[in-house]
Amino acid sequence: LRFSSGSGGGLVQPGGSLRLSCVASEFIWEYYAIGWFRQAPGKEREGVSCISSSDDRLYYADSVLGRFTISRDNDKNTVYLQMNGLKPEDTAVYYCATASKKGVQDGTCFPHGNWWGQGTLVTVSS
């Protein structure tokens with residue numbers, strides 16, 4: 001099994017863009033959706049975006065809707081989170097994790113299965 005948050009984090013100015021990547025083995029895709037979650041200092045973890053493996057259902061938190069795009073490359077077993085129009089409030093550690101398939105189908109995004117990437121820090125600051 002392989003599950004890792006890849007490169008993509010870093011320091012960016014407000015309005016800038018970053019792309020995060022996450023590789024998950026086919027085994028994981030068979031049973032779970034994949035999601036991006038973030039946690040800022042002193043704040044609760046937030047579900048940012050999830051993507052289902054069995055259909056094209058997507059979830060975005062209201063705070064990122066219209067700015068972030070989640071996608072997957074089936075050939076590479078990779079999920080991407082394209083983040084545009086970044087704001088200082090997007091600053092957080094971002095984690096890739098398995099998520100509930102049913103949750104995404106029902107319009108939610110929450111961790112399920114306990115597979116987590118190591119996290120990558122995104123800092124939005126001028």
Side-chain angles (χ1 to χ4, degrees):
L1 296 176
R2 182 163 66 121
F3 194 87
S4 62
S5 288
S7 59
L11 173 63
V12 64
Q13 292 186 344
S17 298
L18 287 172
R19 189 178 77 159
L20 307 182
S21 63
C22 172
V23 180
S25 66
E26 291 186 28
F27 171 81
I28 289 178
W29 277 112
E30 184 176 352
Y31 294 101
Y32 302 101
I34 300 295
W36 286 98
F37 303 87
R38 68 185 181 187
Q39 188 161 23
K43 294 187 178 181
E44 293 186 356
R45 185 178 61 203
E46 174 188 21
V48 175
S49 183
C50 281
I51 184 167
S52 173
S53 58
S54 57
D55 54 34
D56 293 330
R57 298 202 183 197
L58 308 173
Y59 167 91
Y60 294 101
D62 289 342
S63 57
V64 306
L65 190 63
R67 300 187 296 122
F68 289 11
T69 302
I70 192 170
S71 63
R72 66 175 189 260
D73 183 329
N74 292 333
D75 291 338
K76 296 181 179 179
N77 290 332
T78 301
V79 175
Y80 302 99
L81 185 68
Q82 178 67 44
M83 305 185 294
N84 298 329
L86 283 162
K87 304 176 180 179
E89 51 263 44
D90 294 318
T91 295
V93 177
Y94 285 71
Y95 299 90
C96 182
T98 48
S100 169
K101 272 189 173 182
K102 187 177 186 306
V104 178
Q105 293 170 356
D106 293 342
T108 62
C109 175
F110 57 89
H112 180 72
N114 208 33
W115 287 99
W116 289 85
Q118 63 186 19
T120 186
L121 177 61
V122 173
T123 303
V124 185
S125 175
S126 56

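Throughout, residue positions are numbered sequentially from 1 according to the sequence presented. Note: hydrogens, waters and symmetry copies are ignored here, and every other heavy atom, side chains too, is used.
- Atom-to-atom distance recorded for Tyr59:OH and Ser52:OG is 15.0 Å, nearest 0.5 angstrom.
- Follow the hydrophobic side-chain contacts under 4.5 Å out from Tyr94 and you reach Tyr60 in the same cluster.
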- Task: Report the C-alpha distance between Glu46 and Ser63 in whole Å, list the side-chain angles of each, state the deciding distance to 0.1 Å, and finish with yes or no for side-chain contact (heavy atoms from CB on, under 4.5 Å).
- Result: CA-CA 10 Å; Glu46 174 188 21; Ser63 57; 3.0 Å; yes
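- For the atom pair Ile51 CD1 and Ile34 CD1, the distance stands at 9.5 Å (nearest 0.5 Å).
- The CG atom of Leu121 sits 8.0 Å away from the OG1 atom of Thr91 when rounded to the nearest 0.5 Å.
- Note: the hydrophobic cluster containing Phe110 does not contain Leu58 (ILVMFWY, side chain heavy atoms under 4.5 Å, direct or indirect links).
- Leu81 and Val104 fall into different hydrophobic clusters, where Ile, Leu, Val, Met, Phe, Trp and Tyr are joined by side-chain heavy atoms under 4.5 Å apart, directly or via other members.
- Contact detail for Val48 and Phe68: the closest heavy-atom pair is CG1-CD2, 3.7 Å.
- Side-chain contact between Ser49 and Cys109 is absent, with no heavy-atom pair separated by less than 4.5 Å.
- In this structure, Lys101 NZ and His112 NE2 are separated by 10.5 Å, a value rounded to the nearest 0.5 Å.
- Residues Gln39 and Val93 form no side-chain contact, since every pair of their non-hydrogen atoms from C-beta on lies 4.5 Å or further apart.
- Scanning both residues, Ala92 and Ala40, for their nearest heavy atoms gives CB-N, 3.8 Å.
- Atom OG of Ser71 and atom OH of Tyr80 lie 7.5 Å apart (nearest 0.5 Å).
- Using cut-offs of 30° and 60° on the angle between ring planes, the pair Trp116 and Tyr95 is perpendicular.
- Atom CH2 of Trp36 is separated from atom CG of Leu20 by 4.5 Å, given to the nearest 0.5 angstrom.
- Annotation: side chain of Asp90 is in contact with side chain of Arg38 (closest heavy-atom distance under 4.5 Å).
- Two residues are said to be in side-chain contact when any heavy atoms from C-beta on lie closer than 4.5 Å; Pro111 and Arg45 meet this criterion.
- In this structure, Thr108 contributes its side chain and Gly103 its backbone to a donor-acceptor pair below 3.5 Å.
- When side chains are defined from C-beta on, Ser17 does not count as touching Val12, because their heavy atoms never get closer than 4.5 Å.
- Among all heavy-atom pairs drawn from Thr78 and Lys76, the shortest one is OG1-O, 2.8 Å.
- For the pair Ala99 and Gly35, the tightest heavy-atom approach, listed with the atom from each and the gap, is CB-N, 4.1 Å.
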